[in-house]
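Below is one structure, written out as structure tokens; the observations come after it.
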Amino acid sequence: MAASSLSTQTHFNPTPPKTHLGLFNQNQVVLYGKTTTTTCRRRFISCSAEDKTVVIGLAADSGCGKSTFMRRLTSVFGGAAEPPKGGNPDSNTLISEMTTVICLDDYHSLDRTGRKEKGVTALDPRANDFDLMYHQVKAIKEGIPVDKPIYNHVSGLLDPPELIKPPKILVIEGLHPMYDARVRELLDFSIYLDISNEVKFAWKIQRDMAERGHSLESIKASIDARKSDFDAYIDPQKQYADAVIQVLPTQLIPDDNEGNVLRVRLIMKEGVKYFDPVYLFDEGSTISWIPCGRKLTCSYPGIKFTYCPDTYYGHEVSVLEMDGQFDRLDELIYVESHLSNISTKFYGEVTQQMLKHADFPGSNNGTGLFQTIIGLKIRDLYEQITRTKTAAPLEATKA
Ligand SMILES: Nc1ncnc2c1ncn2[C@@H]1O[C@H](COP(=O)(O)OP(=O)(O)OP(=O)(O)O)[C@@H](O)[C@H]1O
Ligand SMILES: O=C(CO)[C@H](O)[C@H](O)COP(=O)(O)O
């Protein structure tokens, strides 16, 4: 089915007969309710290793900066990310030359009315179809196009599906990319955006009051209504993430309750294939650095970086922390020059990326800085994986 034919907004049952899902093989399209035959990308008879899509998972609660992060990530790969051309205007998918970002809300098995009737939130696994998510992400990873459902956030209904062709890099973003062990296994790299309750509340107010006309009480009520499911189903996923970006109130201003200045921690798991954690000055040491002085303009409360080894859910990690905010973004080059393993292709690339998107939320603090660095690490990971895949057949021929 062509994406261009998918513009109606009728109620649609997203659960395909299980038998169809069990049938697909390397040369089949995993469709919503039926399976058809196709060939892999690059006209191979069957999919070879180098055809396989690299899959990245990004987990966070709603309103925690996933879209902003995605814009920074896709920009690292160049080109604008846009919804599928001629498709459903309410599609949640973003496609660029190298990347396709799919929103896991599309795997809601209950629409807005269905959730209300059953008394479950969208965070509850019972409102989501993990079997379909698993089979479709697996198929895409293997180079097979899929017919993915669409959850329409405007109508609250499940729309007819859209065709997703295997990209070079697939990002699955949403509430549950690391919830189901089978989906987790498919991820080449995973990120969790861990936004503390105070900060989440401040961001929600900023967006939902200013942009969506919601009242303070209704925002509070919606956060409270999701809290127990968030704690039960979303938050535990951070233990599986290869990198966590944790966003907390500043410690530079005693008893700060403004929420404007942030303390942001980049928690990076050690021993992850194709991922070398970033470090400050000296790998593995414990460092505290206040760069404010001649090279960096800092108004109150200044900027403080820390770097140290730690453990996180029983894993060895490196933690890089930035508390405070930049006054002048162009001076970030001074900080960048003291960071190592940032996977840049030229001196100043982090600063250039940050300046390019100076208008994005978080560009003057650690959220923007660490999201940009993770974007560069993902590019590096992708390049290493593809290099390995193309080198492997050559090695085999030599042997
Ligand atoms: N780093 C940041 N600093 C300050 N505010 C931010 C930051 N990131 C996001 N926000 C605020 O949070 C709001 C939500 O961000 P964004 O749309 O990126 O989140 P999301 O997780 O994609 O949300 P949803 O899932 O609800 O679509 C933004 O409008 C902005 O007000
Ligand atoms: O947690 C969410 C992820 O974005 C949404 O609340 C969920 O997808 C339901 O969406 P809507 O509120 O538009 O019905």
Side-chain angles (χ1 to χ4, degrees), residues 9 14 58-74 81 90 92-94 101-117 120-125 127-129 149-159 171-177 179 191-196 198-212 214 218-219 221-223 225-227 229-230 233-235 245-250 258-266 322 325-326 354 357-372 374:
Q9 294 184 10
L58 172 67
D61 196 4
S62 157
C64 286
K66 296 185 298 292
S67 314
T68 311
F69 188 6
M70 282 305 101
R71 288 195 288 162
R72 288 191 197 277
L73 174 69
T74 48
D90 296 326
N92 302 307
T93 302
L94 286 173
V101 181
I102 62 172
C103 174
L104 296 180
D105 294 350
D106 288 334
Y107 292 98
H108 289 337
S109 51
L110 295 174
D111 63 12
R112 205 174 283 156
T113 312
R115 291 196 300 271
K116 208 167 169 193
E117 278 168 6
V120 294
T121 71
L123 300 89
D124 191 313
N128 295 279
D129 188 342
I150 298 175
Y151 176 72
N152 187 321
H153 281 279
V154 179
S155 64
L157 298 173
L158 297 153
D159 282 354
V171 184
I172 58 169
E173 62 95 354
L175 298 170
H176 304 100
Y179 180 82
I191 308 129
Y192 185 90
L193 298 183
D194 186 10
I195 315 298
S196 67
E198 301 95 312
V199 177
K200 199 192 286 188
F201 189 51
W203 288 2
K204 269 251 175 216
I205 289 174
Q206 193 182 314
R207 183 183 69 174
D208 293 354
M209 267 179 92
E211 295 169 25
R212 299 185 180 176
H214 297 183
S218 72
I219 297 169
S222 116
I223 291 181
R226 294 166 69 100
K227 177 87 175 72
D229 282 354
F230 173 79
Y233 309 119
I234 313 304
D235 194 60
I245 299 180
Q246 194 178 39
V247 185
L248 302 152
T250 183
E258 297 271 305
N260 291 331
V261 183
L262 300 175
R263 177 164 76 103
V264 188
R265 307 179 81 224
L266 175 58
M322 175 183 164
Q325 54 195 33
F326 302 108
M354 290 281 282
H357 302 300
D359 57 329
F360 285 9
S363 288
N364 64 344
N365 62 37
T367 58
L369 175 62
F370 295 157
Q371 287 177 4
T372 302
I374 288 297

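We count ligands from 1, going down the list as the structure has it; atoms in each ligand are counted the same way. Nothing here was measured: the structure is a model prediction, and the numbers come from that model.
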Does ligand 1 have any N/O atom under 3.5 Å from a protein N/O, and what are those pairs and their distances?
residue	atom	partner	partner atom	Å
ligand 1	1 (N)	Thr367	OG1	2.8
ligand 1	5 (N)	Trp203	NE1	3.3
ligand 1	18 (O)	Ser67	N	3.3
ligand 1	18 (O)	Thr68	N	3.0
ligand 1	18 (O)	Thr68	OG1	2.7
ligand 1	19 (O)	Gly65	N	2.9
ligand 1	21 (O)	Gly63	N	3.4
ligand 1	21 (O)	Cys64	N	3.1
ligand 1	21 (O)	Gly65	N	3.2
ligand 1	21 (O)	Lys66	N	3.0
ligand 1	21 (O)	Lys66	NZ	3.1
ligand 1	22 (O)	Ser67	N	2.9
ligand 1	22 (O)	Ser67	OG	2.4
ligand 1	23 (O)	Gly63	N	2.9
ligand 1	23 (O)	Arg207	NH1	3.3
ligand 1	25 (O)	Lys66	NZ	3.1
ligand 1	26 (O)	Ser62	OG	2.9
ligand 1	26 (O)	Gly63	N	3.1
ligand 1	26 (O)	Arg207	NH1	3.1
ligand 1	26 (O)	Arg207	NH2	3.0
ligand 1	31 (O)	Gln206	NE2	3.2

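- You'll find the side chain of Ser62 reaches within 4.5 Å of the side chain of Arg226, heavy atoms only.
- A donor-acceptor pair is defined here as one N or O able to donate and one able to accept, closer than 3.5 Å; no such pair exists between the side chain of Arg263 and the backbone of Leu248.
- Aromatic ring orientation, Tyr151 versus His153: perpendicular (interplanar angle above 60°, classes split at 30° and 60°).
- When every heavy atom of Ala122 is checked against every heavy atom of Leu175, the shortest pair comes out as O-CD1, 3.8 Å.
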Exercise for review: Go through the steps for Tyr107 and Ile102 under the test side-chain contact (heavy atoms from CB on, under 4.5 Å), then give the verdict.
Suggested key: CA-CA 10 Å; Tyr107 292 98; Ile102 62 172; 4.3 Å; yes
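- Scored by the salt bridge (Lys or Arg N to Asp or Glu O under 4.0 Å) test, Asp229 finds no partners at all (sequence neighbours excluded).
- Annotation for Val101 and Glu173: closest pair CG1-CG, 3.7 Å, computed over non-hydrogen atoms.
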Show me, pair by pair, the donor-acceptor contacts under 3.5 angstrom made by side chains of residues 64-71, not counting sequence neighbours?
residue	atom	partner	partner atom	Å
Lys66	NZ	Asp61	O	3.0

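- For ligand 2, the protein residues placed under 4.0 Å by at least one non-hydrogen atom are Ser62, Asp105, His108, Arg112, Arg115, Ala122, Tyr151, His153, Leu175, Arg226.
- Looking only at atom types and distance, the side chain of Arg72 has a donor-acceptor partner in the side chain of Ser363 under 3.5 Å away.
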